[in-house]
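Everything below concerns the one structure shown next.
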Amino acid sequence: METIDLRSDTVSWPLPEMREAMANAPVGDDVYGEDPTINQLQQEAADMLGKEAGLFVSSGTQGNIVAALTHCGRGDEMILAREAHMFRYEQGASAALGGIQPNILDVQPDGTLRLDAIKRAIRGDDQHFPRTKLICLENTQGTIGGIPITAEYTNEVGAIARENGLKLHIDGARLFNAATALDTPVNELVAAADSVSFCLSKGLCAPVGSVLVGSKAFIHEAHRTRKILGGGMRQAGILAAAGLIALRKMTKRLHEDHANACSLAEGIAEIPHLSVDLSRVKTNMFFFDVADNAPITADELRARLKAEYNLLIGGFYGMPNRVRLVTHYWITPEKVDAALSAIREVMS
Ligand SMILES: *Cc1c(COP(=O)(O)O)cnc(C)c1O
């Protein structure tokens, strides 16, 4: 039986045409700035996002760490969500590697941080305080279910940042999903940001890599930060070749993943003992909960789907009843139907 993997879009494989482009990519030494495919990818990514320059990095995590360490010095503070990937899932890298103190705020159900809470969190000039340097947003907001953040809101945060001499970084691991869901050009979505990172892997299907974009001066410094993290790569154009296809082609089809997530969620909503908030299914990711009085627990459901149907579903840290499902290029409408009948059968 073919495996259907709904745990994450990180499991997506590269397309055959990506493998072919990788095999044929012109390459050079990127630490010397001489890999033409890397240079092309960096410039195209920057142009698409409306920024001056780009930097290829090994992962979304590396992009965020490079950004934080480039914007902030030791003892500085950055404001971000308690639910942010940068706070939860990066081993406290900003503190561990950069001596940067996170000042965390609660994310709202719509994925935003309250503007008044951001303003209150910004430190005054006082010898007791760390210096606030950076605000970070995440788009889409992953841990609350892939919720896209609008350009209007981002612009308001950008205005607060500018009024206070701060920088704004956007962790846009799934930025193109947000742009697709909101039907907003991606450059408008990040117009207020000083730096943005986005993943070429995940829903865009490249095997490796993210791009960090910003001003020429910022990217110049970010180059140094990437190097001290051991992130200087050589003939990495073979990776960028897949990234170019991710950027040019895969960014244009994400509405298909969103439609598949919707059908999946609608099907789940009809299964007894499973509940899903359909109003929150906005991109390629959503959660459903297994009721306490259901015949089986979420863990049992996960184990049986895997053993009997080769269907893999995700979990949610700290919430044992919760299941996460994510769609991507390789999850076709046929696989959505197959997944739904498997879940229906196990729950019956
Ligand atoms: C996946 C993800 C990252 C990290 O990307 P990796 O390539 O897995 O390191 C960062 N931020 C968000 C919001 C993500 O979803």
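Not measured: the values here are computed from a predicted model. One-based numbering, in listed order, for ligands and for the atoms of each.
Under 3.5 Å, the side chains of Glu256 and Tyr329 contain no donor-acceptor pair of N or O atoms.
Remark: ligand 1 atoms within the under-4.0 Å shell around heavy atoms of Asn64 are 10 (C), 11 (N). Atom numbering of ligand 1 starts at 1 in the shown order; those under 4.0 Å from a heavy atom of Thr61 are 4 (C), 5 (O), 6 (P), 9 (O). Less than 4.0 angstrom separates some heavy atom of Glu138 from each of these atoms of ligand 1: 13 (C). Against a heavy-atom cut-off of under 4.0 Å, Arg174 is close to the following atoms of ligand 1: 15 (O).
Polar contact with ligand 1: absent for Thr140 (N/O pair, distance under 3.5 Å). In terms of polar-atom proximity, defined here as any N/O pair under 3.5 Å, Ala173 makes no such contact with ligand 1. Between Ser201 and ligand 1, a contact under 3.5 Å exists for no N or O pair.
For Met86, the closest heavy-atom approach to ligand 1 does not fall below 4.0 Å. Not close to ligand 1: Gln62, with no non-hydrogen atom less than 4.0 angstrom away.
If you look at Thr10 next to ligand 1, there are no close heavy atoms at all, none under 4.0 Å.
In this structure, Arg162 does not pair ionically with Asp194, as no charged nitrogen and carboxylate oxygen lie closer than 4.0 Å. A salt bridge does not link Asp76 with Arg131: every distance from a Lys NZ or Arg NE/NH1/NH2 to an Asp or Glu carboxylate oxygen is 4.0 Å or more. No salt bridge links Asp47 with Lys51; every basic N to acidic carboxylate O contact stays at or beyond 4.0 Å.
A cation-pi arrangement is found for Arg123 relative to Phe129, the charged atom lying closer than 6.0 Å to the ring centre and inside a 45° cone about the ring normal.
Taking atom 15 (O) of ligand 1 as the reference point, the nearest protein heavy-atom neighbour is Lys202 NZ, 2.7 Å. In this structure, the protein non-hydrogen atom closest to atom 11 (N) of ligand 1 is Asp171 OD2, 2.6 Å. Nearest protein heavy-atom contact of atom 7 (O) of ligand 1 is Gly60 N, 2.8 Å.
Using cut-offs of 30° and 60° on the angle between ring planes, the pair His71 and Phe218 is parallel.
Contact of the Asn39 side chain with the Asp35 side chain is not registered, since no non-hydrogen atoms from C-beta on lie closer than 4.5 Å.
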**Report entry** CA sep, side-chain torsions, deciding dist, call: His85, Asn64, side chain to side chain donor-acceptor pair (under 3.5 Å)
**Finding:** CA-CA 9 Å; His85 193 282; Asn64 287 333; 4.7 Å; no
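Distance check: Ile245 CD1 to Met18 CE gives 6.0 Å after rounding to the nearest 0.5 Å.
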